Amino acid sequence: MGAPVSELNPAQREAVTTLSGPLLVLAGAGTGKTRVITYRIAQLVKHGTPPHRILAVTFTNKAAREMRERALRLLGKRPRGAKPPEISTFHSLCVRILRRHAALLGYPTEFSIYDRGDQEMLARLVLRDIRVSDSTLRPGELLGFISTWKNQNVSPDEARQAAEGHRAEVAAQAYARYEAQLRAGGSMDFDDLLLQTTRLFRDHPEARFAEASRFDHLLIDEYQDTNRLQYEIVKALAQRHRNLCVVGDDDQSIYGWRGAEVEHILSFQNDWPDARVVRLEFNYRSRAPILELANKLILHNSARHQKVLRASREGGVPPRILRMEDENMEAEHVVREIRQLLVGDAERRVSPSDIAILFRTNEQPRAFELELRREKIPYVLVGGLSFYDRREIKDVLAYLRVLANPLDEVSLLRVINTPPRGIGPSTVETLLEHAVSQGRPLWTVLPEAESLSLSEGVVSRIQGFQKLLDGFRAKLGTMPIADLVRALLDAIEYRAELERVYTGPGEAESRWLAIEELVNAAALYEQRTDAPSLLGFLEEAALADRDDKDQESGRERHAVTLMTLHSAKGLEFPHVYMVGVEEGILPHQRSVLEGRGVEEERRLCYVGVTRAQETLTLTFTKARMKWGKPRPSIPSRFLMEMRGETERARRAAEAAMALFGSGATGRPRASSAPESEASSGKRSTKGSRKPREATRKRSAS
DNA sequence: ATCAAGCTATTTTTT
DNA sequence: ATAGCTTGAT
């Protein structure tokens, strides 16, 4: 056992052997960050820290999994019964903390976790309740407001007071109801997991103490992406022992829109004045010419820790920048090149898994998927519709969640008439009204259906539904989850329902297969978990990575990877294609219009470039379809910045402003006037606007 | 209750 | 271009 520290370079060694006190590791891209963390864990153990007293926190499950594997490999066999180091994401860490102290916060221990889809459903419900039309505030936008508020620890009341403008006011009002609903349903959304943890720590020192006492060492990966709540949690947990090691790269902070604040890593030394700072600047990943590009690019950002990545791998070919006619040609060309790489000559043959296509928005991969399929090249699209997003899976999970937590109203509403059992929308409406007027959860008013003016048949169906759930709830814990799910599916005749609804060839079959996969997942979960519970399984399902399933089935191993720049963080590939490097896409139009978003976009570009080990190809098009119409595109300013053409970069930015700034700003809300004339005609804004203003004035006076 | 046709708004990134 | 939703007909 033990980590061969001699394999490390001096900076890495310092980071690994500074075992106590606060430590900031500024780890540039490809400098062996994961290695440092895992070696450090091994080193701590070697010097007597019991593994289970070490907590390492990552941002994704994937990172956690990888780190766990690597750490365990380094640690070697551990004595029977000894617990491994705890390596988990912020979110699952918080779930565990909250389950232990839920009562203190007034939540049931079995609180449900709402994922993005559930949140959206709840948002829709709430907006309907306060009778706001979708056009004022769409569910997604409301969730944006709410998430921001939660991340700032702003209560609905405070939000309402601070709200400026109609939309914000409506959002604040909706926020209050959203919170009330969540709370009444004994449920938390993703933000709550963090928020409630900070509240717990703030209001219940004994709980904070208990949690902080579980560990003697705390390591945080990707520290540049911590938001305010995560930051609070880290502080609370590290306060006692002060053995806090944070690792990150301010140049790779790309989650500002989600509340991440680079300031945390930039000002780490203010919080921990005695912190040691170690810089890792030796890049082991990319060939020199690739790194050169990356360095040149990131120099254009202002607020950052000064550092320059130095290549340890000389040689290699300079990255290429290719111009394509349109997005179809772009896809065609890239895929053709990939084909060549795959065929290659015997000794330099490339495996599909060595290749990645990276893009900014989720709409971009379409053309590439088409082309890859045509060429019969295996690929995985990371982050697309996840297994757990599938309708049939959500249905089943909703049933399970209602079983675990009858208060979970979103899930209850989802299953109450799924499959159709004659409890239609109007019935549900009546029930809901009754529940709301009584101020009680929907589930508890079901037995009173009789007292409402509902037909006899409806009442008995409601009772039947309730009995069904009660029956299964009684069975909880008495049989394996997998069996329970099977029995439940039988009871509701779900397979027949699938066959009724999905008539396409093989569609019902494939959906049923997905369900079987879920049952398998349940069985698997029970096998590998010490004390399996329905809650635990649901938790996994809610927090699971989107690509978990691919990983497990090994589909990923021999496939080209397609993913967004965001999900590429932390990964590396011998051959990288970054596509659609254009104004409006890579500095995304929206972040440009918002003004201060460009630096983050640049970091995003930087992340993409630094994924590449051997070759990097950047592409842009001359024109691209938008809203069904072709639109000329402007090559991204980042391309010019990378080549040192600062002046041309500035001109590209200006051209982009001219193109997007005027066209896309105002949203024609109440314009009932025929849009076609104004937009399809020439640009003479004055000409077309004047008459309209004139009419308006006339009608006003 | 169900389905087709037609209308609409949508284009950032996700634990 | 297209998904998702409302509308109107069975």
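Everything quoted here is computed from the prediction, not taken from an experiment. Just so it is clear: chains get the letters A, B, ... in the order the sequence lines come, proteins before strands, and each one is counted from 1.
Whole-Å rounding puts the A:I423 CD1 to B:dA1 C1' distance at 15 Å. If you take OH of A:Y223 and P of B:dT15, they are 21 Å apart, rounded to a whole angstrom. Rounding to whole angstrom units, NZ of residue A:K626 and P of C:dT2 are separated by 17 Å. Rounded to whole Å, the distance from CG on A:L586 to P on B:dT11 is 19 Å. Distance NZ (A:K150) to P (B:dT14): 21 Å, rounded to an integer number of Å. The nearest whole Å value for the distance from the CD1 atom in A:I254 to the C1' atom in B:dT15 is 13 Å. Rounded to whole Å, atom C1' of C:dA1 lies 15 Å from atom CZ of A:R631. Atom CG of A:L194 is separated from atom P of B:dT15 by 13 Å (rounded to the nearest Å).
Legend: residues meeting ring pair (Phe, Tyr, Trp, His ring centres under 6.0 Å) with A:Y107, ordered by chain and number and at least two apart, are absent. Contacts of A:F359 classified as ring pair (Phe, Tyr, Trp, His ring centres under 6.0 Å), with partners at least two apart in sequence or in another chain: none.
Projected onto DNA chain B by closest heavy-atom contact, A:R421 and A:W257 fall at different nucleotides, the more 5' of which corresponds to A:R421. Comparing A:H566 and A:G422 by the nucleotide of DNA chain B whose heavy atom lies nearest to each, the residue mapping closer to the 5' end is A:G422.
Each of A:S112, A:S411, A:S187 was checked for a side chain to side chain donor-acceptor pair (under 3.5 Å) with A:R401, and the lone residue meeting it is A:S411.
With a 4.5 Å cut-off on side-chain heavy atoms, A:I462 and A:T427 count as touching. Side-chain atoms of A:F368 and A:E330, non-hydrogen and from C-beta on, do get closer than 4.5 Å to each other.
Comparing B:dT14, B:dT11, B:dT13 by their closest approach to the side chain of A:T361 singles out B:dT13. Between B:dT14, C:dT2, B:dA1, one nucleotide has an atom nearer to the side chain of A:P420 than all others, and that is B:dA1. In the set C:dT2, C:dC5, B:dT11, B:dT11 carries the atom at the smallest distance from any side-chain atom of A:H588.
Regarding contacts with the backbone of B:dT13, a side-chain N or O of A:N362 is found under 4.0 angstrom from either OP1 or OP2. At the phosphate of B:dT14, neither OP1 nor OP2 sits under 4.0 Å from any side-chain N or O atom of A:T60.
Across all strands shown, A:F190 has heavy atoms under 4.0 Å from base atoms, whether or not it also approaches the sugar-phosphate. Counting non-hydrogen atoms under 4.0 angstrom, A:Y255 reaches the backbone sugars and phosphates but no base.
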